[in-house]
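Presented below is the structure to which this report refers.
All residue numbers in this chain count up from 1 along the given sequence. Computed over heavy atoms, backbone and side chain alike; hydrogens, waters and symmetry mates excluded.
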Amino acid sequence: MTYHPKSDFLNVMIARGYLADCTDLQGLDEALIRGVLPAYIGYDATAKSLHVGHLLNIMMLRWLQKTGHKPITLMGGGTTKVGDPSFRSEERPLLDAAAIDANIAGMQSVFAKYLRYDDTASGAIMLNNAEWLDGLNYLDFLRDIGRHFSVNRMLSFESVKSRLDREQSLSFLEFNYMILQAYDFVELYRRYGCLLQMGGSDQWGNIVNGIDLARRVAEAEIYGLTSPLLTTSDGRKMGKSAGGAVWLNAEMLSPYEFWQFWRNTTDADVGRFLRLYTELPVEECDRLGALGGAEINAAKVILANEVTTLCHGPEAAAAAEATAREVFEKGGVGDDLPTLALSAAEAAEGVSLAQLFVRTGLARSGKEAKRLIAEGGARVNDEAAEDAGRMITGADLAAPLKLTAGRKRHALVTLAEG
């Protein structure tokens, strides 16, 4: 028999497609009904910004708060020093404390757009697990916490097993990661009454470890909930574009490029993405997702506007849509496109067309840029680019130069002032 939740939060999770698995759906539902429930998601500080791959779980925290509960964003200042080995083929590069702190600062600015941080019952709180992990005494930790973990069981988790099956090295440092993450859950339960950890499906083993540990050392009844690991309908990992990761910080990816990523959603994904990444009613998401022909493009604009408004604000969304209309419908250049400004010295010497495609982010390498041009996928001022080695100089930049890759990706090259 299928369980029908009574709590608003779980009803949203199910109706909008956020729920993959839950350790105890009925128990969690009853805990949500009893009162304000603190829940957390952990984020290791491996980059200066979160990206679209994180956005689904950020939206889960947002819905948690909107339904009256308390989100905890846990920064992995401690665990980033170890690195999560889950489903990775090799060890992460280790970062020093200064790099970790800089990354956390960049990530904090993203969370503030989606969550309300204040002292109310449902106000979000941001924590750093370095607070309790950095001061651990190794021998005490092994005796008090490590004894609860079976190496046999740890080796059976798919995230570890897949690495070993491929005969790829798994360091003892990384092997400790799941113990540290489990300990995080116990500390959050003890300090803040946190009853729920959420994460992607790849975190299931780590979450279950935390629940087992809390039962053993604190006799706590706590819960885990995972979201599906998303791929687009054409099989690509969600959050990747031709130019690389789709960052949520405007300094790392312009709001126009962010808007354009969503506008370029494939037809089959529109309804699902509207449910997951916007707050439009489910019925409206389904109606828009079922549109066909040219009408689906209007739905994609709505998707792009809604997601960009949440991340960058309504003005940025409106500016991106106006620029897109100028570029696509009127053949203009728009004033919100990603822009590369060449210095006077560079312009005097000249920069090859292939390099300009790389430096504007329209190609990932010179080799890719040359292939794009050779295959007829590149344009300069809306005319086919034919010579990858053509040198662009100041004489070509009396007006902004528009570069186009494929049909929908554009950038400008200008001459720097002064």
Side-chain angles (χ1 to χ4, degrees), residues 20-24 39-46 53-54 57 72-95 100 127-191 194-218 220-227 229:
D21 288 296
C22 182
T23 54
D24 178 359
Y40 92 98
I41 297 178
Y43 299 86
D44 280 343
T46 52
H54 296 110
N57 285 334
I72 298 172
T73 45
L74 180 65
M75 302 288 96
T79 41
T80 303
K81 296 170 185 173
V82 174
D84 184 0
S86 295
F87 298 99
R88 291 184 63 83
S89 59
E90 57 188 21
E91 190 169 352
R92 289 183 186 274
L94 296 180
L95 303 176
I100 290 171
L127 303 171
N128 186 335
N129 63 14
E131 184 181 333
W132 51 83
L133 294 182
D134 279 4
L136 284 176
N137 179 297
Y138 184 60
L139 292 179
D140 288 346
F141 184 71
L142 286 180
R143 183 194 62 207
D144 298 339
I145 303 300
R147 66 189 179 90
H148 295 292
F149 287 81
S150 159
V151 170
N152 306 56
R153 186 160 184 262
M154 291 166 75
L155 289 171
S156 73
F157 283 114
E158 190 59 36
S159 58
V160 173
K161 192 168 175 290
S162 62
R163 182 100 155 246
L164 298 179
D165 286 348
R166 294 192 299 268
E167 298 184 0
Q168 290 165 327
S169 174
L170 178 72
S171 73
F172 181 69
L173 177 70
E174 293 176 286
F175 196 53
N176 278 269
Y177 185 91
M178 63 178 74
I179 301 179
L180 295 175
Q181 184 171 327
Y183 184 66
D184 280 345
F185 203 171
V186 172
E187 282 292 324
L188 289 172
Y189 169 76
R190 286 172 169 165
R191 294 171 182 234
C194 182
L195 296 181
L196 172 64
Q197 181 183 359
M198 300 189 291
S201 291
D202 60 339
Q203 293 299 313
W204 180 256
N206 291 334
I207 291 172
V208 169
N209 269 333
I211 291 170
D212 288 346
L213 181 63
R215 284 179 181 148
R216 292 171 185 268
V217 304
E221 190 62 40
I222 56 180
Y223 308 95
L225 183 153
T226 59
S227 59
L229 292 180

- Calculate, to the nearest 0.5 Å, the distance between atoms OH and CG belonging to Tyr223 and Asp24 respectively. 5.5 Å
- Query: Quick one: are Leu127 and Leu188 in side-chain contact, heavy atoms under 4.5 Å?
  - Reply: yes
- Note on the structure: With sequence neighbours left out, the residues meeting side-chain hydrogen bond (donor to acceptor under 3.5 Å, both in side chains) with Asp212 are Arg153
- For Arg191, what residues pass the salt bridge (Lys or Arg N to Asp or Glu O under 4.0 Å) criterion, not counting sequence neighbours? Glu131, Glu187
- Note on the structure: Between the CH2 atom in Trp204 and the CD atom in Gln197, the distance rounded to the nearest 0.5 Å is 11.0 Å
- Message: Asp134: which residues meet the side chain to side chain contact (heavy atoms under 4.5 Å, CB included) condition with it, sequence neighbours left out?
- Response: Lys81, Ala130
- Message: When you compare the side chain of Tyr183 with that of Leu133, does any pair of heavy atoms fall below 4.5 Å?
- Response: yes
- Task: Quick one: list whatever passes side-chain hydrogen bond (donor to acceptor under 3.5 Å, both in side chains) with Tyr189, sequence neighbours left out.
- Result: none
- Between CG on residue Leu74 and CG on residue Asn128, distance to nearest 0.5 Å: 7.5 Å
- Task: Check side-chain hydrogen bond (donor to acceptor under 3.5 Å, both in side chains) between Tyr43 and all other residues, then give those that pass, not counting sequence neighbours.
- Result: none
- Message: Side chains of Asp144 and Val217, heavy atoms from C-beta outward: is any pair under 4.5 Å?
- Response: no
- Point-to-point distance, once rounded to the nearest 0.5 Å, from CD1 of Ile145 to CG of Leu136: 8.5 Å
- Message: If the test is side chain to side chain donor-acceptor pair (under 3.5 Å), which one of Thr79, Thr80, Asp44 qualifies with Asn129?
- Response: Thr79
- Considering residues at least two apart in sequence or located in another chain, which fulfil the side-chain hydrogen bond (donor to acceptor under 3.5 Å, both in side chains) criterion with Thr226? none
- Note on the structure: d(Leu195 CG, Tyr40 OH) to nearest 0.5 Å is 12.5 Å
- Determine the minimum heavy-atom distance between Ser227 and Asn57, stating which atoms define it. OG-OD1, 3.0 Å
- Task: Could you list the residues that satisfy side chain to side chain contact (heavy atoms under 4.5 Å, CB included) with Ala214, not counting sequence neighbours?
- Result: Val186, Ala220, Ile222
- Query: To the nearest 0.5 Å, what is the distance between OG1 (Thr23) and CD1 (Ile207)?
  - Reply: 8.5 Å
- Message: Quick check against the 3.5 Å criterion: does Asn209 have a side-chain atom that pairs as donor or acceptor with the backbone of Met178?
- Response: no
